Amino acid sequence: MDIKSMTIEELSEVLRGLGQPAYRAKQLYSWLHVRLVSDYGEMSNLPKDLREALTAEYPLTVLTKVVRLDSALDETKKYLFRLPDGNVIESVRMEYHHGVSVCISSQVGCRMGCSFCASTIGGLVRNLTPSEMLEQVYAITRDSGARVDNIVVMGSGEPLDNYENLLRFIKMVTDENGLHISQRNITVSTCGLAPMLRKLAEEHLAITPAVSLHAPNDELRKQLMPVAKAYSLRELMAAAWYYAETTGRRMTFEYSLIEGVNDTPQLAKELAGLLKGRPAHVNLIPVNPVTERNYRRSLVKNVLQFQKMLENEGIHVTIRRELGSDIDAACGQLRRHYEESKQELKV
Ligand code: SAH
């Protein structure tokens, strides 16, 4: 395993094997996960021979910035990073009144096949390691010089399809010896892998769970999201309420509004029926048009009407504020456009 994916306990083992005293683990963990250095050479309180041994045996996973797109409209910055194996992923840094949020990818590509999402067009390439998830946060922290307050696992990939690495990432980024981000400030969004959501409930984490719903009935949901063929809404909602009951956390449901597809008053009513009286919060997202798809975003008046109808049933609703709409902010679009331009350069 790469050294940046190791917990402090695992690091202790490695260092013990190298004949080091116990306190070295904390020192090394701090260099890696608090001071965020990208080279053993900078670890000034470690003996030189240890630094050399580590350099030889444990190469550090570091992401390289390929491009950064800065929104001209707000403080949003979108990053394209290169991984050690040459694959590229994207992450986004956003500033809200409650602090800095970073949206990270959990996989290279995705195999879930949602029809409105650019991340899934080329399928799944591979899972990200815990260190590659951490490094997105670290590289952005290094680049901006400011602490990250919130993490949303809502970039490319399905986090519950990379379960063990996701859990390790959460454990490490919340560790008091690391960045020590509160579990409450971490949101994990799933397209609806119901059994995995139940499994996650059993971990008793205080993270914020989000489910991408996008349709209030199986027929429409199956057209938008292939995962709906594997797990019915009935199974998914049962898993969501089980999650809320087990952890005491309120469920967030994401609903991307596509003009004429899932934004009618009838569907708002159906959605209200699913959520009424439950510990639920709805986040309405005007769909980001993806070049490869024909979807258009709902008209503002329809978004507002959809919201109103849910609120009339006592359901808590927010409309996602659009940040960075000028910089390819839709999931996976930057990576896709980058890969395409590389292809063009080859021919
Ligand atoms: N796989 C996870 C997390 C990544 S996607 C999930 O499905 O939840 C993060 C969110 O962005 C999901 O709600 C997803 O459905 C939504 N999304 C993807 N493409 C979008 C687009 N073009 N416009 C609006 N939302 C989109």
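Residues take their numbers from the sequence shown, with the count starting at 1. In listed order, ligands and their atoms are each counted from 1. Keep in mind it's a predicted model, so treat the numbers as computed, not measured.
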Minimum distance, heavy atoms only, to [atom]: which one of [options] is it?
{"atom": "atom 3 (C) of ligand 1", "options": "S212, S189, P286", "answer": "S189"}
{"atom": "atom 15 (O) of ligand 1", "options": "M154, Q107, H214", "answer": "H214"}
{"atom": "atom 23 (N) of ligand 1", "options": "N288, V227, L193", "answer": "N288"}

In plain terms, say whether R68 and D70 are close enough for a salt bridge, that is, a side-chain N and a carboxylate O under 4.0 Å apart.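 So R68 pairs with D70 through a salt bridge.
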Within the 4.0 Å heavy-atom shell around [X], which atoms of ligand 1 are there?
{"X": "S256", "result": "24 (C), 25 (N), 26 (C)"}
{"X": "F116", "result": "15 (O), 17 (N), 18 (C), 19 (N), 20 (C), 21 (C), 22 (N)"}
{"X": "E254", "result": "10 (C), 12 (C), 13 (O)"}
{"X": "C117", "result": "18 (C), 19 (N)"}
{"X": "G155", "result": "4 (C)"}

Plane angle bin for H316 and H281 - parallel if under 30°, tilted between 30 and 60°, otherwise perpendicular: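 Answer is tilted, since the angle falls between 30° and 60°.
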Pair up each side-chain donor or acceptor in residues 25-34 with any protein partner under 3.5 Å, not counting sequence neighbours, and list the distances.
from	atom 1	to	atom 2	distance (Å)
Q27	OE1	R24	NH1	2.8
W31	NE1	N45	OD1	2.6
H33	ND1	Y138	OH	2.7

Any luck finding a side-chain donor-acceptor pair between N150 and Y96 under 3.5 Å? no
May I ask you to identify, for E158, whether its side chain, its backbone, both or neither come under 4.0 Å of ligand 1 on a heavy-atom basis?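 Contact part for E158 vs ligand 1: both backbone and side chain.
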Under a 4.0 Å heavy-atom limit, does V211 contact ligand 1 with its side chain, its backbone, both, or neither?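 Neither part.
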Enumerate the residue pairs fulfilling ring pair (Phe, Tyr, Trp, His ring centres under 6.0 Å) with a member in residues 157-209, sequence neighbours excluded, ordered by first and then second residue.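 Residue pairs with at least one partner in residues 157-209: there are none.
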Quick one, [X] and [Y] - any side-chain contact, counting heavy atoms below 4.5 Å?
{"X": "E202", "Y": "Y242", "answer": "yes"}
{"X": "I186", "Y": "V173", "answer": "yes"}
{"X": "I258", "Y": "L224", "answer": "yes"}

So for G157, does at least one of its heavy atoms come nearer than 4.0 angstrom to any atom of ligand 1?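 Right, G157 reaches ligand 1.
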What about P159: any of its N or O atoms under 3.5 Å from an N or O on ligand 1?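 Between P159 and ligand 1, no N or O pair is found under 3.5 Å apart.
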